[in-house]
Structures are given as C-alpha cells and as structure tokens.
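Just so you know, these numbers come straight off a predicted model, no measurement behind them. Numbers here are sequence positions counted from 1.
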Amino acid sequence: MTAAFFPKGPAPAHAVNLSIAPWLDFSAFNLDYGRDYLLPVFTAGRFTEEAGRVTLPLAVQANHAACDGWHVAEFFRVLDEELAFTAAHR
C-alpha cells in the first residue's frame with residue numbers, strides 16, 4: 001500500500017493549510033510539498049512573552065507559480081495592521 005498525500009481525496013476549494021507546532025521556536029521553517037502543490041502553507045510555532053510583548057513565529061510557504069513575494073509581504077502587512085489594531089483596543 002502506498003501512502004498518499006491526500007488519502008481522502010483532493011483538498012476542498014479554498015482550503016488553508018495551517019500547521020501548529022507549539023513545541024518549536026523557529027526563525028525559518030520549510031516543508032517539501034513538491035512543485036505541483038499550489039496552496040500556501042502556514043506554520044506557527046511556540047509563542048513567547050517578554051517585557052509585555054508576545055511573539056509568535058509564523059512561516060508562510062508559497063509556490064511561486066501561484067503567488068510571489070509581493071503577495072506574502074501583503075499578507076504580513078495586513079496581519080501586522082490587524083494585530084496592532086487588536087492590541088490598541090484591549
């Protein structure tokens with residue numbers, strides 16, 4: 001029997017791959033899904049709190065055939081705005 005990447009069939013439309021690894025603190029993270037896998041993969045690690053500031057490592061892996069660095073930068077820009085708004089309204 002051969003293991004399949006999607007043993008239950010193809011991923012549904014608009015699926016988001018989010019891996020949480022709370023035991024890892026990292027500055028980079030990479031998984032090899034192959035060159036034909038086009039959906040972005042988000043991996044979050046262990047959060048830390050220091051001097052009242054919470055940080056969480058977050059890696060985004062994207063296939064260049066589907067998006068480029070601008071899209072990833074835009075994602076982080078909007079995420080930063082949302083987190084700043086949330087922090088300001090606590």
Side-chain angles (χ1 to χ4, degrees):
M1 178 179 205
T2 303
F5 190 69
F6 293 108
K8 295 183 178 182
H14 308 293
V16 174
N17 294 298
L18 177 60
S19 295
I20 306 296
W23 52 89
L24 294 176
D25 188 15
F26 56 83
S27 59
F29 196 88
N30 183 47
L31 298 169
D32 184 9
Y33 285 98
R35 49 184 301 165
D36 295 331
Y37 192 73
L38 300 178
L39 295 175
V41 178
F42 299 87
T43 304
R46 176 178 56 221
F47 79 90
T48 57
E49 187 172 357
E50 189 173 315
R53 185 174 177 165
V54 176
T55 61
L56 174 82
L58 177 64
V60 178
Q61 198 165 314
N63 188 320
H64 200 271
C67 71
D68 61 22
W70 181 87
H71 296 98
V72 175
E74 186 67 7
F75 166 78
F76 278 107
R77 184 191 66 75
V78 171
L79 179 62
D80 189 52
E81 285 179 0
E82 293 295 326
L83 292 173
F85 177 84
T86 301
H89 292 88
R90 291 205 281 187

Between Phe47 and Phe76, is there shared hydrophobic-cluster membership here, with clusters defined by ILVMFWY side-chain heavy atoms closer than 4.5 Å?
no
The criterion is salt bridge (charged side-chain N to carboxylate O under 4.0 Å, His left out); which residues satisfy it with Arg77, sequence neighbours excluded?
Glu74, Glu81
For a quick test of your reading: what N or O donor-acceptor pairs under 3.5 Å do the side chains of residues 56-65 make, sequence neighbours left out?
| unit_1 | atom_1 | unit_2 | atom_2 | d |
| --- | --- | --- | --- | --- |
| Gln61 | OE1 | Leu31 | N | 2.9 |
| Gln61 | NE2 | Asn30 | OD1 | 3.4 |
| Gln61 | NE2 | Leu31 | O | 2.1 |
| Asn63 | OD1 | Ala65 | N | 2.8 |
| Asn63 | ND2 | Arg35 | O | 2.8 |
| Asn63 | ND2 | Tyr37 | O | 3.2 |

Are Leu79 and Phe26 linked, directly or through intermediate hydrophobic residues, by side-chain heavy-atom contacts shorter than 4.5 Å (ILVMFWY only)?
no
Looking only at heavy atoms, which two atoms of Phe29 and Leu24 are closest? And how far apart?
CE1-CD1, 3.8 Å
Check whether any side-chain heavy atom of Ile20 lies under 4.5 Å from a side-chain heavy atom of Leu18, and answer yes or no.
yes
When you look at CD of Glu49, are more than 12 heavy atoms from neighbouring residues, nucleotides or ligands closer to it than 6.0 Å?
yes
